Amino acid sequence: MTVTPSTGDGPDLSGGAWHLGAGLEGRGVIVTGAASGIGRAIAISMAAAGARVAAIDRDEPGLRSTLSELLGDGHLPVVFDLSDSSAIPQLVASLVERLGDLWALANVAAVLRRRSLDEVDDEDWDLQMDVNVKASFLLSREAGNAMVAAGGGGRIINFASMAWLTGPFLGSDAYVIGKAGIVAMTRGLARSFGPHGILVNTISPGQIDTPMQHLDNPPELSERTAAQCPLGRMGRPEEVAAVAVFLASRHASFVNGATINVSGGLVMY
Ligand SMILES: NC(=O)c1ccc[n+]([C@@H]2O[C@H](COP(=O)([O-])OP(=O)(O)OC[C@H]3O[C@@H](n4cnc5c(N)ncnc54)[C@H](O)[C@@H]3O)[C@@H](O)[C@H]2O)c1
């Protein structure tokens with residue numbers, strides 16, 4: 001299909017009225033972790049905004065379920081294990097070709113293994129670094145370079161956690177060390193790709209009601225944390241997805257290298 005590149009230069013004020021369109025109609029967007037939680041909500045929201053979504057996850061049934069919820073045509077389900085780093089360049093090249101356009105990448109997939117300090121073994125460390133950090137880095141670099149080559153700008157959205165700021169709780173040390181790395185990585189990529197009109201930002205969720213949130217997390221503790229939020233509740237995946245759509249939209253044309261706190265005020269910075 002022919003896609004008219006959106007400049008991403010900002011809101012369209014022609015005719016004196018704010019153009020409320022996100023500018024995502026027909027654009028190619030890659031979303032990882034699309035079988036569950038926040039990634040699933042982002043895939044659904046991007047499609048609702050008119051994008052064509054390449055939805056990546058290792059969970060095939062979950063991916064099929066997400067695809068059944070996507071509005072519009074041209075979406076691609078991609079069963080892929082992100083710990084397979086050597087296959088990532090080929091993955092991105094094939095998605096650029098199949099989508100025929102790449103406007104945005106959302107690196108949402110992550111794995112959390114709660115372990116006490118002394119229990120963290122090489123396999124726990126390597127898995128969380130490989131999936132949460134290395135795959136995000138390689139996908140960002142490959143997608144960013146493809147966007148540079150296409151010459152039309154683009155967006156990269158990475159995922160940290162509020163714990164990048166607070167430090168780890170409940171045996172999440174290796175995971176949180178990686179999430180702090182995501183913030184640094186985003187800032188570096190924002191400097192490298194910014195001159196090409198490719199904006200790179202991090203979303204830092206607080207307590208969001210997904211399967212990962214409840215992993216080895218006692219319900220009473222989870223409820224106590226929700227009560228500490230000024231809004232008195234956890235966030236919903238859709239509330240994080242809305243921020244991702246904003247960051248991919250024309251409205252975010254001067255947001256770059258930011259770490260967006262989406263915690264309902266559970267942490268404030
Ligand atoms: N839920 C929260 O409260 C919360 C808080 C802070 C940060 N986050 C971050 O938000 C993002 C989304 O988390 P979520 O809560 O939706 O998690 P989730 O567990 O519901 O979904 C994660 C998805 O990633 C996929 N995935 C994991 N390893 C993979 C691999 N090797 N290859 C391919 N896919 C893989 C899973 O299959 C799953 O579909 C993550 O980056 C997470 O760290 C979530």
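Quantities reported herein were computed from a predicted structural model and do not represent experimental measurements. Counting starts at 1 for both ligands and their atoms, in listed order.
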Using a strict 4.0 Å cut-off to heavy atoms of Ile38, name the atoms of ligand 1 that fall inside it. 10 (O), 12 (C), 16 (O), 44 (C)

Atoms of ligand 1 under 4.0 Å from any heavy atom of Gly37, numbered from 1 in the order shown, are 16 (O), 20 (O)

Of the listed options Trp164, Phe159, Tyr175, closest to atom 8 (N) of ligand 1 (non-hydrogen atoms): Tyr175

Below 3.5 Å, can you tabulate the donor-acceptor pairs from side chains in residues 192-199 to any protein atom, sequence neighbours excluded?
unit_1	atom_1	unit_2	atom_2	d
Ser192	OG	Gly188	O	3.3

Interfacing atoms of ligand 1 (cut-off 4.0 Å, heavy-atom, Phe80): 32 (N), 33 (C)

Look at atom 20 (O) of ligand 1 and say which protein heavy atom is nearest, naming residue and atom and giving the distance to 0.1 Å. Ser36 OG, 2.6 Å

Could you tell me whether the side chain of Arg27 reaches within less than 4.5 Å of the side chain of Arg52, counting heavy atoms only? no

Would you say Ile208 has any N or O atom under 3.5 Å from an N or O of ligand 1, going by distance alone? yes

Are Val183 and Ile157 in one and the same hydrophobic cluster, where Ile, Leu, Val, Met, Phe, Trp and Tyr link if side-chain heavy atoms are under 4.5 Å apart? no

In the protein, what heavy atom is nearest to atom 15 (O) of ligand 1, and what distance, to one decimal place, separates them? Thr210 OG1, 2.5 Å

Please state which option from Ala110, Gly235, Ser83 has its nearest heavy atom closest to atom 22 (C) of ligand 1. Ala110

Report yes or no: does Pro211 have a heavy atom closer than 4.0 Å to ligand 1? yes

If you take the nearest heavy atom of each of Met162, Arg58, Met212, Gln128, which one is closest to atom 17 (O) of ligand 1? Met212

Check contact between Gly206 and ligand 1, using heavy atoms of the residue and a distance below 4.0 angstrom. yes

Considering only residues two or more places apart or on different chains, which pairs with a residue in residues 28-46 satisfy side-chain hydrogen bond (donor to acceptor under 3.5 Å, both in side chains)? Arg40-Ser65, Arg40-Thr66

Atoms in ligand 1 with a heavy atom of Val131 nearer than 4.0 Å: 28 (N), 29 (C), 31 (N)

Closer than 4.0 Å to some heavy atom of Val108 - which atoms of ligand 1 meet that? 11 (C), 12 (C), 40 (C), 41 (O)

salt_bridge(Arg114, Glu119) N-O dist < 4.0 Å: no

Among Asp57, Leu82, Asp59, closest by any non-hydrogen atom to atom 37 (O) of ligand 1: Asp57

For ligand 1, indicate whether the residue Ala160 contacts it via side chain, backbone, both or neither (heavy-atom separation under 4.0 Å). backbone

Are a donor atom and an acceptor atom from the side chains of Asp118 and Ser116 found within less than 3.5 Å of each other? no

Nearest candidate to atom 3 (O) of ligand 1, where distance is taken over non-hydrogen atoms, out of Arg40, Gln213, Lys179: Gln213

Should you measure from each heavy atom of Ser161, which atoms of ligand 1 turn up under 4.0 Å away? 6 (C), 7 (C)

For Thr186 and Asn158, does a side-chain donor sit closer than 3.5 Å to a side-chain acceptor? yes

Does Arg58 pair with Asp81 as a salt bridge, N-O distance under 4.0 Å? no

Less than 4.5 Å apart, side chain to side chain, heavy atoms only: is that true for Pro168 and Tyr175? no

Quick one: do Val245 and Met46 satisfy side-chain contact (heavy atoms from CB on, under 4.5 Å)? Show the steps, please. CA-CA 6 Å; Val245 171; Met46 292 286 185; 4.1 Å; yes

Single-linkage hydrophobic cluster, 4.5 Å side-chain cutoff, Leu215 and Leu127 together: no

Which ligand 1 atoms, with their elements, are less than 4.0 angstrom from a heavy-atom of Asp81? 30 (C), 31 (N), 32 (N)

